[in-house]
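The structure appears below as structure tokens.
Naming: A, B, ... by sequence-line order, numbering from 1 per chain. These figures come from a predicted structure and were not determined experimentally.
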Protein chains: 2
Amino acid sequence: MTEIRPRGRGAAVLRQTVTDTIVAAAVAELAETGYAGMSMGAVARRAGTGKAALYRRWPSKEAMVVDLIDVFASRQVPAGGAGDLSGDVRAYVRAVADTLSDPVVMRIVLDLTAEAARNPGLSEAFDTAIRQPRRTACERFLRSAVERGQLPADLDLDLALDLLVGLTQWRVLNTGQNVDDSYVEATSKLIIQALPLCLGAGDRRGVRG
Amino acid sequence: MTEIRPRGRGAAVLRQTVTDTIVAAAVAELAETGYAGMSMGAVARRAGTGKAALYRRWPSKEAMVVDLIDVFASRQVPAGGAGDLSGDVRAYVRAVADTLSDPVVMRIVLDLTAEAARNPGLSEAFDTAIRQPRRTACERFLRSAVERGQLPADLDLDLALDLLVGLTQWRVLNTGQNVDDSYVEATSKLIIQALPLCLGAGDRRGVRG
DNA sequence: ACGAGACGGAACGGTTGCGTCCCGACTTCA
DNA sequence: TGAAGTCGGGACGCAACCGTTCCGTCTCGT
């Protein structure tokens, strides 16, 4: 986050507060109107501040949203890999379902996914802050399960990751259905049973996801 | 599509052509800039026409895009259900992969998915023209597989549909990876093997997907 | 006590968008 | 042949947005 070190008005307390207020307003505005539709004036209005306060912190709308992405990056996937594949999968599915079922998060993720196909800066920020860490975390506990023999040695990692990540996010992001405990349980169970089926040549290489 | 019955300039030939040119331009513009960023002036410019020609056909930008959705609806899922579950799945995965790997289609689908969370009109059009027919088609060949005993009688249909639709679309829409024959083959095989695992209480009700 | 600096608020110029209207050119149907 | 109706093109009024620049106020550090 761009640092502002005010000497003026209520520095000790407000140094965080003003920036945080703007960030919160920007997140809400982003969820409501989308990246393309979001206006800096509306963010300022919602934050109860002037536009100048925004441009004192970020040079542009894009830079601001890139910073916002890091805010979401903090809500991350549990570590896992401690010895229980079944538990790791369940924890992952639950974490993703909990995070993404928040309508604000859901809308922003959908919107930035679409926008990233158009905007290289956002795409890179989204990849490095969200997608790669998430994929890396899954990769780690899958690999450790292979090492323990809980999954076959010739596991097709790409396919397994598609199954794990894709199936988990699909319903939350693309259907209007409720995501409750029974859904988490059923999906986790299916993934756990299907993971050992992810075999194959498995030499497809990928970057993102 | 809103009908225009010109008596003027090259009616016989151009009656289709002008409308089609506008539609093509709108599709291209929609893919490049997204719904929120798309301007009617840019569509007209790209089509080599005046804005009046657009507003003679549609009352607004939203109405125009709603009509565009029907254009995509024509590219639909194969029927299936003829007796070979494995073949149905393979055909479905291939059809979806082929359609969505076109960057224009991919961007529009991503964009409208995000926009639909905000715009009720687009959401409804997208649902009825794309999601429901697709889901219904899958449902049909899954049900017929159950009737033939190729899938268990207590199949959790929602879960099976998540597996089929979600897994197929995930990589195409959300990763930068190539989607080639080996991917289609591996994904199809996984789905076919995992479908019988979709059991459960299965009383989660849903609308879309 | 005083200067520094961030604050909310308002206005600016320039650009872009939507949706409407009008124009002269053109082609078809009756 | 003439009326009808679409055509591309351009201009319009109105609104919104971006990013900048002021203003007067307020609170700090020194």
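Residue B:A52 is classed as a base contact, given a heavy-atom separation below 4.0 Å to a base.
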Within the sub-3.5 Å range, which N or O atoms of nucleotides 15-18 of chain C have a protein N or O partner, and how far apart are they?
from   : atom 1 : to    : atom 2 : distance (Å)
C:dC18 : OP1    : B:M38 : O      : 3.3
C:dC18 : OP1    : B:M40 : N      : 3.0
C:dC18 : OP2    : B:M40 : N      : 2.7

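Atoms OG1 and CZ, on B:T49 and B:R56 in that order, are 7.5 Å from each other to the nearest 0.5 Å. Taking OG1 of B:T113 as the start and CZ of B:F126 as the end, the distance is 4.0 Å to the nearest 0.5 Å. Distance check: B:L159 CG to B:L197 CG gives 9.5 Å after rounding to the nearest 0.5 Å.
Rounded to an integer number of Å, the gap from A:I22 CD1 to C:dA6 C1' is 11 Å. C:dG8 atom C1' lies 12 Å from atom CZ of A:R57, rounded to whole Å. Distance CG (B:L54) to P (D:dG9): 13 Å, rounded to an integer number of Å.
A:R56 has a side-chain polar atom (N or O) that falls below the 4.0 Å cut-off from OP1 or OP2 of C:dC7. Proximity of A:R46 to the phosphate of C:dG8: no side-chain N or O atom is located under 4.0 Å from OP1 or OP2.
A cation-pi arrangement is not found for B:K61 relative to B:Y55, the charged atom failing to lie both closer than 6.0 Å to the ring centre and inside a 45° cone about the ring normal.
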> A:I130 and A:L112: side-chain contact (heavy atoms from CB on, under 4.5 Å), yes or no, with the steps?
Replying inline: CA-CA 11 Å; A:I130 310 262; A:L112 291 183; over 6 Å; no
> Please walk me through it: do A:E185 and A:R94 pass salt bridge (Lys or Arg N to Asp or Glu O under 4.0 Å)?
Replying inline: CA-CA 9 Å; A:E185 185 54 33; A:R94 181 171 301 280; 5.4 Å; no
